[in-house]
Amino acid sequence: MKARIFSGVQPSGELHIGNYLGALKNWAEIQSRYESIFCIVDLHAITTYQKPEELSAKIRKTAALFIAAGIDPQQSSIVVQSSIPPHAELAWLLTCVTPLGWLYRMTQFKAKAEKQDTVGDGVLQYPVLMAADILLYHANVVPVGEDQSQHLELTRDIAQRFNSLYGDTFVMPETSLPAVGARIMGLDDPTQKMSKSAGGSGHAIALLDNPDAIRKKIGRATTDPQPAVDPENMGPGIANLLTIAQACDGSVTQERVAGMRYGDFKKLVAEAVIARLAPIQERYKEVTADLCYIDSVLNDGKSRVLPIAEGTLREAKRAIGLYI
Ligand code: ATP
Ligand code: MG
């Protein structure tokens, strides 16, 4: 039997090259070696307000981008989190074994809480729901970007705590990070992670950006006062652009760009990104041409994984002694 992988993306905005290089690209590469479940985690997205009329479109758009980025819906299950009720129910069971102190320590919670006057409980509970997403499928491996490593450690802590209180129920999931591109930084501020829900128009390159927009954004990306690329002494902006270029095009090396003036270097980066995104954009057009196709993929994914989720939830409830 193949080991299982689970991972997800929030339909919280435009998917960007950070999501692609940190997660989707890796998913597409490893999906055939595993039994793969890829999830549009809409219950996570609503931890910050989403306009209802836009959310359902974003869910379908995210699913279409999974396929456009190379996820094969015949081979892998593509599912929407809110269509599988056991995610939310298991999250409650796990909430009851999670000390508050573990959640207050999460870097992402601290960063998000700092930016808001009032912080929704969902922002604090988010990692418990994420633990439920993963443990529900007894996932062996979780391919994510580096920003999710801490949440994965917490998932293992929660699983261990549940198992020690109620007996062996959950599998310990491993984290899988891509070799290059595990943490893409914002173009406008290379000290901040590129994020769907942050920054202005120069912050991120969306997967569906046209070549002109990509050239402009990379042309305006923050660098440093040096005139040319010095591999021995790269500021965070140049290092980030080099990572993006290398993750998009394996033939880009430090040696090749050493001494390049920033203007020329940025052109090289932009062309590497444009070439990498072109087939994804082409495929996106195809998969969205038939309006029913995405819904049929999501229904199919749901019917494949719901029995697994229901089975695990039942085991967990039985272990606790709840009435089933
Ligand atoms: P949001 O701002 O709404 O949290 P996000 O851009 O952080 O959006 P998520 O949906 O939270 O995206 O994460 C989806 C996947 O993309 C996760 O595996 C995450 O680790 C990965 N990821 C997100 N941002 C980056 C990034 N800048 N570099 C590499 N991987 C990333
Ligand atoms: Mg995120």
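We count ligands from 1, going down the list as the structure has it; atoms in each ligand are counted the same way. The analysis underlying the following values was restricted to heavy atoms, covering all of them including side chains, and did not include hydrogens, waters or symmetry mates.
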Pair R156 + E174, salt bridge at N-O below 4.0 Å:
no
May I ask you to decide if G70's main-chain N or O and Q31's side chain share a donor-acceptor pair within less than 3.5 Å?
yes
Does any non-hydrogen side-chain atom of V273 lie less than 4.5 Å from one of D209?
no
Is R183 salt-bridged to D147, cutoff N-O under 4.0 Å?
no
For the pair D300 and R304, find out whether any cationic side-chain nitrogen is under 4.0 Å from an anionic carboxylate oxygen.
yes
For residues 117-139, run the donor-acceptor check on the side chains, cut-off 3.5 Å, and write out each pair with its distance to 0.1 Å, sequence neighbours left out.
{"unit_1": "D121", "atom_1": "OD1", "unit_2": "Q125", "atom_2": "NE2", "d": "3.2"}
{"unit_1": "Y126", "atom_1": "OH", "unit_2": "Q10", "atom_2": "NE2", "d": "3.3"}
{"unit_1": "D133", "atom_1": "OD1", "unit_2": "Q81", "atom_2": "NE2", "d": "2.9"}
{"unit_1": "D133", "atom_1": "OD1", "unit_2": "H87", "atom_2": "ND1", "d": "2.8"}
{"unit_1": "D133", "atom_1": "OD2", "unit_2": "H44", "atom_2": "NE2", "d": "2.8"}
{"unit_1": "D133", "atom_1": "OD2", "unit_2": "Q81", "atom_2": "NE2", "d": "3.3"}
{"unit_1": "Y137", "atom_1": "OH", "unit_2": "H87", "atom_2": "NE2", "d": "3.0"}

Quick one, list the residues around ligand 1 where some non-hydrogen atom comes in under 4.0 Å, by chain and residue number.
G8, V9, Q10, S12, H16, G18, N19, G22, A23, K112, V144, G145, D147, Q148, G181, A182, R183, I184, K193, M194, S195, K196, S197
